[in-house]
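A note on names: the letters A, B, ... follow the listed sequences, proteins ahead of strands, and every chain is numbered from 1. Remember, it's a predicted structure, so these values are computed and weren't measured experimentally. Values below: all heavy atoms of this structure, side chains included; hydrogens, waters and symmetry mates excluded.
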There are 2 protein chains.
Amino acid sequence: MRMHNPPHPGEIIKSLCLEPAGLTVTEAAEGLGVSRKTLSAILNGRSGISPEMAIRLSIAFNTSAESWLSQQVQYDLWHAEQGRKALKVIKLAA
Amino acid sequence: MRMHNPPHPGEIIKSLCLEPAGLTVTEAAEGLGVSRKTLSAILNGRSGISPEMAIRLSIAFNTSAESWLSQQVQYDLWHAEQGRKALKVIKLAA
DNA sequence: GTAATCTGTAACGCCTCGGGTTACGATCGC
DNA sequence: GCGATCGTAACCCGAGGCGTTACAGATTAC
């Protein structure tokens, strides 16, 4: 279990994709083929990156869809781990 | 993009966790703290592995929650890639 | 043959969440 | 002042995870 709260993938998108290219949220949303609201929600950590969105990012910015989803998994998993103690699970194998 | 359809993580759970331990679906579901229906749906590829379920698996079988979610990502991504051509996305950066 | 167990799954309800549209207030540059 | 940008609230929709109940089929035990 990691110690630090991993950043939303949205922050990485903003700093590694939008800013270097000088793109506004509106422009990027149009290019990705989604609404401005959808992209805004991701950039501000209010939505996760769906498999489809990962593919859109991979096309638009020539990146790896897998890497975006991996970051999303790290983020989701860290938050799910916070509720680990509340789960009633019995050890079934060593 | 991978060539072959990756197996549902459920198949791996069955062959690597349940069968070696001689567990029935009913027993495993009780140990994991979920309904038999929920586990059955996963084993038969009708449901994905949620972050919470990944943690349950990691506790019960002393495995890595991350590995289960990674497999799920591979599976989801492969299926999402099948609809890649339908996405209207503009290249925004090289 | 009969009863118990295990399993998949349909039918329902509940809640979360991604995504779209519309619309508003705030901010910044000209 | 005016236009562009942005975050976000208020809606609607559909998908998906999970629970309970209930049924049918298969397997096993007696």
Without decimals, in angstroms, what is the distance between B:Glu30 CD and D:dT20 P?
12 Å

Holding to side chain to side chain donor-acceptor pair (under 3.5 Å), I want the full list of residues that pass it with A:Gln71, two or more places apart in sequence or in another chain.
none

What integer distance in Å separates B:Glu27:CD from C:dC6:C1'?
10 Å

Taking five pairs at each end, how big is the angle between the two axes of the helix from C:dG1-D:dC30 to C:dC30-D:dG1, to 10°?
30°

Do A:Glu30 and A:Arg36 have side chains that approach each other closer than 4.5 Å (heavy atoms only, starting at C-beta)?
no

Contact list for residues 51-61 of chain B, test side-chain hydrogen bond (donor to acceptor under 3.5 Å, both in side chains), sequence neighbours left out
B:Glu52-B:Arg56

When rounded to whole Å, the CG to C1' distance for the pair A:Leu32 and C:dG20 reads 15 Å

Interatomic distance, B:Leu69 atom CG to A:Gln72 atom CD [nearest 0.5 angstrom]
11.0 Å

Output a table of nitrogen or oxygen pairs between the protein and nucleotides 22-27 of chain D separated by less than 3.5 Å.
none

Whole-Å distance, B:Leu43 CG to D:dC18 C1', equals 15 Å

Indicate yes or no: at least one non-hydrogen side-chain atom of A:Ile12 is less than 4.5 angstrom from one of A:Trp68.
yes

Using atom NE2 of B:His8 as one end and atom P of D:dG17 as the other, report the distance to the nearest whole Å.
13 Å

Taking atom OG of B:Ser50 and atom CD1 of B:Ile42, what is their separation to the nearest 0.5 Å?
6.5 Å

Ring pair (Phe, Tyr, Trp, His ring centres under 6.0 Å) partners of residues 6-42 of chain B, not counting sequence neighbours, each pair once
B:His8-B:Tyr75

Partner set under side chain to side chain donor-acceptor pair (under 3.5 Å) for A:Thr24, not counting sequence neighbours:
A:Glu27

Show each protein N/O and nucleotides 17-19 of chain C N/O combination with a separation under 3.5 Å, one pair to a line.
{"from": "C:dG18", "atom 1": "OP1", "to": "A:Gly48", "atom 2": "N", "distance (Å)": "3.1"}
{"from": "C:dG18", "atom 1": "OP2", "to": "A:Ser47", "atom 2": "OG", "distance (Å)": "3.4"}
{"from": "C:dG19", "atom 1": "OP1", "to": "A:Ser50", "atom 2": "OG", "distance (Å)": "2.9"}

So, using side chain to side chain contact (heavy atoms under 4.5 Å, CB included) as the criterion, who are the partners of B:Ile59 when residues are at least two apart?
A:Arg84, A:Val89, B:Ile55

List in chain and number order the residues that pass side chain to side chain donor-acceptor pair (under 3.5 Å) with A:Thr38, two or more places apart in sequence or in another chain; answer none if no residue qualifies.
A:Ser35

Partners of B:Ser67 by side chain to side chain contact (heavy atoms under 4.5 Å, CB included), sequence neighbours excluded?
B:Ser64

May I ask you to verify if any side-chain N or O of B:Ser40 is less than 4.0 angstrom from the OP1 or OP2 atom of C:dT9?
no

With sequence neighbours excluded, tell me which residues meet side chain to side chain contact (heavy atoms under 4.5 Å, CB included) with A:Ser15.
A:Glu19

Starting from P on C:dT21, measure out to CG on A:Leu39 and report it in whole angstrom.
14 Å

Using a cut-off of strictly less than 4.0 Å between a heavy atom of the residue and any atom of DNA chain D, enumerate the qualifying residues of residues 18-25 of chain B by number.
none

Does the side chain of A:Leu92 reach to within under 4.5 Å of the side chain of B:Leu18, using non-hydrogen atoms?
no

Atom NE2 of B:His79 and atom P of D:dA15 are separated, to the nearest Å, by 17 Å

